[in-house]
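Let me begin by presenting the structure, written as structure tokens, before commenting on it.
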Amino acid sequence: MMEENLQQNKNPDAVPWNIWDIVKGAAVAIAITLVLGIAMGFGMIALVGITELQDIVTQDLTSSELIQAIIDALEANGKLNMTLAFMFLFMLLGEGAMPLGTWLFGVRKYRCGWGTLGFRKFDVGRGLLLVLLVTLLGLGISIGYEFLLEYLGWEDSSNIYAPFDENGLGIAFFAITAVVVAPLAEEIFFRGFLFQGIGKRLKFAWAAIISAAVFAVAHFSPAGLVPIFILGLLLAWLFNKTKSVWPCIMVHAAYNSIALIFMIIS
């Protein structure tokens, strides 16, 4: 086993990790996220106050209304900015859990370069055209799906960040996370690690479907499950076409940037 891990692969782009490595990497990310979620919950109780929080959660509120009520309570106590700073830290750590799992059971375990995860050069002209195409397709599908939900009368209350769109500090923190941190961390894990690892054993279609499904579920957005799944398929296709994770990061950043802008102006 040690010899297998230490040997230099003649092809530096060959993916050495297997499905079990992916499971362990994902388990690390999930465990860290759960710990952070519990810590955030206890922190929120301490900041808001258990009595006031009980009064809020017993009301019949949607996700956004619940967050808004908590924000109002924190603002009244003068603790909103401190809470936003802690949330930003938790989000950074949560996003960082995915590259950590990737590094532990991919890069570190097999002593391969980050190029194996997709940090490779690509044809810039062709790559940017594909980035534009995938971004427009992803946004078009997302907007169309929102219109469909509205037509069917299904209200989307899953956007828990909407109540923060009037707070400058909150917008700045979410922008950094959504536009910079999330695209880098998530593309490393979902396309560089998960999609490529599954692609060793299964055909492209199955690797794309499985990685996109995990990508969609990981975003905890029931109303956005379908468009995020389709975006995951498009990103897998883009990775397969360019053999680089950089175009996927660009699409992810552009998609999140436009989504953030719509959230702010709506």
Side-chain angles (χ1 to χ4, degrees), residues 29-98 142-143 145-183 185-186 215-229 255-266:
I30 292 170
I32 292 174
T33 302
L34 288 175
V35 170
L36 289 171
I38 293 170
M40 187 182 294
F42 280 112
M44 195 66 69
I45 292 171
L47 288 167
V48 178
I50 189 167
T51 303
E52 192 164 1
L53 194 59
Q54 282 179 333
D55 291 339
I56 293 171
V57 298
T58 52
Q59 300 177 45
D60 185 18
L61 303 173
T62 65
S63 300
S64 295
E65 290 170 343
L66 177 63
I67 297 297
Q68 185 62 62
I70 293 174
I71 289 173
D72 293 340
L74 289 167
E75 198 164 21
N77 295 335
K79 297 177 180 177
L80 180 57
N81 287 343
M82 182 191 303
T83 303
L84 288 172
F86 277 121
M87 286 183 67
F88 179 56
L89 177 61
F90 287 142
M91 285 189 292
L92 291 182
L93 292 173
E95 292 290 347
M98 288 179 285
S142 181
I143 292 169
Y145 190 73
E146 283 197 25
F147 278 123
L148 176 62
L149 290 182
E150 186 176 343
Y151 175 77
L152 295 174
W154 296 349
E155 183 182 357
D156 180 8
S157 61
S158 63
N159 184 10
I160 64 171
Y161 303 118
F164 292 101
D165 62 8
E166 296 180 2
N167 182 284
L169 187 62
I171 292 172
F173 285 159
F174 291 135
I176 293 170
T177 305
V179 179
V180 180
V181 180
E186 293 178 14
F215 178 62
V217 171
H219 280 78
F220 307 109
S221 175
L225 199 63
V226 172
I228 294 174
F229 171 73
Y255 185 94
N256 285 1
S257 298
I258 296 170
L260 183 66
I261 291 170
F262 273 110
M263 187 188 81
I264 293 170
I265 64 177
S266 60

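Quick note: numbers below take in every heavy atom, side chains included, and nothing from hydrogens, waters or symmetry partners. None of these values were measured; they are calculated from a predicted model. One is the number of the first residue; the rest follow in order along the sequence.
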With sequence neighbours excluded, tell me which residues meet side chain to side chain donor-acceptor pair (under 3.5 Å) with [X].
| X | result |
| --- | --- |
| D72 | Q68 |
| E95 | none |
| S142 | Y255 |

Could you work out, with side-chain contact (heavy atoms from CB on, under 4.5 Å) as the rule, every residue matching [X], not counting sequence neighbours?
| X | value |
| --- | --- |
| L34 | I30 |
| M40 | F90 |
| A29 | A97, M98 |
| A218 | F190 |

When rounded to the nearest 0.5 angstrom, what is the spacing between [atom1] in [X] and [atom2] in [Y]?
| X | Y | atom1 | atom2 | answer |
| --- | --- | --- | --- | --- |
| L80 | E75 | CG | CD | 5.5 Å |
| L148 | I143 | CG | CD1 | 14.0 Å |
| L53 | M44 | CG | CE | 8.0 Å |
| I176 | I171 | CD1 | CD1 | 12.0 Å |

Using the ring-ring contact (aromatic ring centres under 6.0 Å, His included) criterion, which residues pair with Y145? Sequence neighbours excluded.
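For Y145 there are no ring-ring contact (aromatic ring centres under 6.0 Å, His included) partners, ignoring immediate neighbours.
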
With F229 via ring-ring contact (aromatic ring centres under 6.0 Å, His included) - residues at least two apart
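Result, ring-ring contact (aromatic ring centres under 6.0 Å, His included) vs F229: none returned.
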
Are [X] and [Y] packed together at the side-chain level, in the sense that at least one heavy-atom pair is separated by less than 4.5 angstrom?
| X | Y | result |
| --- | --- | --- |
| M82 | L74 | no |
| N77 | L47 | no |
| F174 | V179 | no |
| E186 | F215 | yes |

ring-ring contact (aromatic ring centres under 6.0 Å, His included) partners of residues 30-58, not counting sequence neighbours, each pair once:
none

Which pair of non-hydrogen atoms, one from [X] and one from [Y], has the smallest distance, and what is that distance?
| X | Y | value |
| --- | --- | --- |
| F173 | L84 | CD1-O, 3.4 Å |
| L225 | V217 | CD1-N, 4.0 Å |
| V48 | A73 | CG1-CB, 4.1 Å |

Return yes if some donor-acceptor pair links the side-chain N/O of N256 with the main-chain N/O of A178 below 3.5 Å, else return no.
yes

